[in-house]
**Q** 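My questions all concern the structure below.
Along the sequence shown, residues are numbered consecutively beginning with 1.
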Amino acid sequence: MIKEKIQKNKDCSAKQERRSGFVILFAVTLSAILLSIALGVANIALREIKFGTSAKDTNNAFFAADVGAECALFNDRTISDIFVSSPSSTTITCNDISINVNNPSLSVWSFTVSKLGNDEQGCAKVTVDKTTPTTQIISNGYNNGGSAPGSCVQASDTVERQLEVNYSS
């Protein structure tokens, strides 16, 4: 009888050892699955954040280019001959801000609009070309680089958008 009890205890403890090994294996497998799900969700969230930031930067650059083009159009269409007979350097006004316009050649003018956007970091470089009968306005907008008045210096992470307007006078 005692021999039988000892044998049953040995069998029972051997089964428990096999069962406890299974529990550890199951816990490690479950942890690995949960960790991979968490990493996948974190990766998707990170990509969404980057995409949201990229969309914001793109909008800021586009609207900066739009402001530059509208400024050139307003000053060309409402103030007569500002981009025809102006001296080598003149001043225009956009949104109650005085902007210096340079005339590097006879029929091409350029200027920079800065402090654009919600955070006033955007800027636009605008060129007005009247070398042909059709006036061409090219406005390059940037999401950053224009925090100082009259400046438009791009960093390595700058987003640029360009608008081109062509019309006959």
**Q** Determine whether Lys130 and Asp76 make a side-chain contact, defined as any pair of heavy atoms from C-beta on separated by less than 4.5 Å.
**A**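 In short, these two side chains touch, coming nearer than 4.5 Å.
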**Q** Closest heavy-atom contact between Ser139 and Ala124?
**A** OG-CB, 4.1 Å
**Q** Show me the pairs that pass salt bridge (Lys or Arg N to Asp or Glu O under 4.0 Å) and involve residues 106-120, at least two apart or across chains.
**A** Lys115-Glu120
**Q** Show me, pair by pair, the donor-acceptor contacts under 3.5 angstrom made by side chains of residues 21-33, not counting sequence neighbours?
**A**
from  : atom 1 : to    : atom 2 : distance (Å)
Thr29 : OG1    : Leu25 : O      : 2.8
Ser31 : OG     : Ala27 : O      : 2.9

**Q** Considering only heavy atoms from C-beta outward, does the side chain of Val67 approach that of Glu70 to under 4.5 Å?
**A**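 SC-SC contact between Val67 and Glu70 ruled out.
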**Q** Is it true that atom CG of Asp157 has more than 12 heavy atoms of other residues, nucleotides or ligands lying nearer than 6.0 Å?
**A**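 Result for CG/Asp157: enclosed.
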**Q** Do the non-hydrogen side-chain atoms of Ile99 and Thr112 ever get within less than 4.5 Å of each other?
**A**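 A side-chain contact is absent here, since even the closest heavy-atom pair is not under 4.5 Å.
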**Q** As a test of understanding, state which of Asn43, Leu35, Val41 forms a side chain to side chain contact (heavy atoms under 4.5 Å, CB included) with Leu39.
**A**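 Going through Asn43, Leu35, Val41 one by one, the side chain to side chain contact (heavy atoms under 4.5 Å, CB included) with Leu39 is satisfied by Leu35 alone.
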**Q** Is a side-chain N or O of Ser151 found less than 3.5 angstrom from the main chain of Val153, in a donor-acceptor match?
**A** no
**Q** Does Tyr142 belong to the same Ile/Leu/Val/Met/Phe/Trp/Tyr cluster as Ile97, with side-chain heavy atoms less than 4.5 Å apart forming each link?
**A** no
**Q** Apart from Phe62 itself, what residues make up its hydrophobic cluster when side-chain heavy atoms of I, L, V, M, F, W and Y under 4.5 Å apart count as a link, directly or indirectly?
**A** Phe63, Leu163
**Q** Is Val128 reachable from Ile92 through a run of hydrophobic residues whose side-chain heavy atoms are each under 4.5 Å from the next?
**A** yes
**Q** Is there a donor in the side chain of Ser110 and an acceptor in the side chain of Asn102, or the other way round, less than 3.5 Å apart?
**A** no
**Q** Between the main-chain N or O of Cys152 and the side-chain N or O of Ser114, is there a donor-acceptor pair closer than 3.5 Å?
**A**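 Pair absent, no side-chain N/O of Ser114 close to backbone of Cys152.
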**Q** Would a single hydrophobic cluster contain both Val126 and Val159, if residues Ile, Leu, Val, Met, Phe, Trp and Tyr are joined by side-chain heavy-atom contacts under 4.5 Å?
**A** no
